[in-house]
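Just so we're on the same page: letters track the sequence lines, and every chain starts at 1.
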Amino acid sequence: MENLIALLVAAPLLGAAVLLCGGRRLDRAGHWLGTLLAAASFGIGAVLFFDMVGKDAGDRALHQKLFSWVPVADFQADIAFQLDQLSMTFVLLITGVGTLIHVYSIGYMEHDERRRRFFGYLNLFLAAMLLLVVADNYLLLYFGWEGVGLASYLLIGFWQHKPSAATAAKKAFLVNRVGDIGLSIAIMLMFTTFGTFAFGPVLGAAEGASEGKLTAIGLMLLLAACGKSAQVPLQSWLGDAMEGPTPVSALIHAATMVTAGVYLIVRSGAIFNAAPDAQLVVTVVGAVTLLFGAIVGCAKDDIKKALAGSTMSQIGYMILAAGLGPIGYAFAIMHLVTHGFFKAGLFLGAGSVMHGMNDEVDMRKYGGLRKYMPVTFVTFGLGYLAIIGFPGLSGFFSKDKIIEAAFAAGGAQGWILGAATLLGAGLTAFYMTRVMLMTFFGEERWRNKATASPAEPDVEPAAQTHGSHSEPHPHESPKSMTIPMIVLAFGSVFAGGFFAIGDRFANWLAPVTRFEHPHPPISVPVITGATIVVLLLGVAAAYLQYGRKPVPVVAPRGSLLTRAARRDLLQDDFNHVVLVRGGEHLTRSLVYLDHSVVDGVVNGTAASVGGLSGRLRKLQNGYARSYAVSMFGGTAILIAATLLMRAV
Amino acid sequence: MNPVNYLYLAALLFTIGAAGVLIRRNAIVVFMCVELMLNACNLSLVAFSRMHGNLDGQIIAFFTMVVAAAEVVVGLAIIVSLFRARHTASVDDASLMKL
């Protein structure tokens, strides 16, 4: 059975290699091959899963050592895999949702002449992400981590002919590099502290190591997670990453990429358990991000960017839960899985809407689409109900658990985190209801599109491919797109309940992450009740603003907060002022320093030697008598000095 | 034997020679002053030799005389050729060796 783990990674990797090296003759069948290999990976994952379920909870973890990668005296790194319950969960999520997105892309990318390449990149993405989650040491994990970064860069910038897409890809890559530095420093610290990278020894020895070092490692791991999972302060790439094709957004947000940060923190749980300060920072980052993302999501008119804000916010929930320690790890992963279902469903739904609307992304130019796209409406609607945590659907179970765990963190911290998660739940309900109402309900604002100028400049190029100012004809998407949406909608509805009953999911992960029941200071039904009340308030607020009143086609000016949120709460301005300007000032002052100090010393030495020798040169005037004087003087001084030394 | 008077004389001769070398422009006079300094040294060497009852100093004085004689040959030749080329024996006129 162990030998299958390598195949799990190898299948999509093979797909990527064949599709990217195969050339144009694969254009006809390339997408089928890519999808087939993703599905094969899922099949292998399923086989391994059922094998794992058949064993006792204690010895479910599988290990496979492929070969020794870097064998140098004390520095041993292996290409070795570890498949335990945590990795298994991710493998199934990545391959399952990934395969559905492959199927969806067949229809979505049908008219793109570079579809083969697209599938090659998708397979590469899956392979890198699978490598990341099945690695048995941090160095191999880092390899997969970088692979994910590369694949995301290639996919976000897939439409590289658009300058905005090329810029977005660069931005995502650069911001991710900042996080990667954190991971590499963390790995170096681990090596100096524990002398190894393998999960087993490192996590086993974490209890005994000094807390200061563990805190440093934890914070560096958190920095890495912030980069990949788009957490404050490294969140700015996520919104721009919407420049990629919609299936890519779904893949990045649901199955791969942003989940890597949560995986890293949960996997390194033993380190965080022993470093409470690092844990506190993790929860703070999570809480800040969940509110940050939610506020951004409330103001965006671009359907994909609204969903991107929502992803940021939901990942914030997961990071927060992961920062709570053993009471939260299982819930973080559980929310991650349910989120994988409904967020993939929502993105695929958004893609389907765009597909029918000439690639229009501005929700103010949607409206009343439920009649034209019934399947998209129903699946998107189920995803919507799941993400806002409507009782009985997936999101309700997973998010409610996180809110309980947040309250159970204890003391003032528990109350603050709990309040943040509750507020986040309300905001989630608000912005998702807003998306829902603006897209599928209300009047059909796309009808008078020709008169309803001005069009947004950044969506113009996309619209031009279909002839820009003609009225769109919304229509349901082909089967290859709707079937994955239906499957994901099933997951959105039932997964949470299935996982939550009797703490099934928490017990499944318990051997890896340990599990403690949260004991919130107020009783669980009260919290659940409060969550539902907040949820209804959010929905009602959105209904009052966007359901009762007609939605203006041109966005109103809005309050100060709205305008800030439309600009992603000024994150780019902040980065520009602090980092870009600061960096420019720094480099300029360094250049000045280089010119004045470093060059100054060198040039000054040269100039003073030159000047001195110019002066000394004057001594050589050609007069024999002046030479005689200097000789005489020199001799006199020498003799005087000698006599003086003798006397002393 | 008390060498003090000899040494005073030697110092006086040396000073006169050194001053001549530094002050006078005529190459012949400068040359003679150099000889004067050498002889001042010879005088002190011989005086110390007598004082210690040791012949080493007197032998060195002979060597000095031989070297001085050789020097006179070379020096006078240079001065004569200089005078032929420039029609002057002033050392300050021969100041081309400079930057």
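Between atom CZ of residue A:Phe632 and atom CE of residue B:Met37 there is a gap of 7.0 Å, rounded to the nearest 0.5 Å. Annotation: the span from A:Arg625 atom CZ to B:Arg24 atom CZ amounts to 10.0 Å, rounded to 0.5 Å.
The ring pair (Phe, Tyr, Trp, His ring centres under 6.0 Å) check on B:Phe83 picks up nothing, with sequence neighbours excluded.
Counted within 6.0 Å of CZ on A:Arg177, heavy atoms from surrounding residues, nucleotides or ligands total more than 12; the atom is thus considered enclosed. In A:Tyr627, the OH atom is crowded: over 12 heavy atoms of neighbouring residues, nucleotides or ligands sit closer than 6.0 Å. More than 12 heavy atoms of other residues, nucleotides or ligands shown are found within 6.0 angstrom of OH on A:Tyr142.
Note on B:Asp93, B:Val91, B:Asp92: by heavy-atom pairs under 4.5 Å with chain A, the leading option is B:Asp92.
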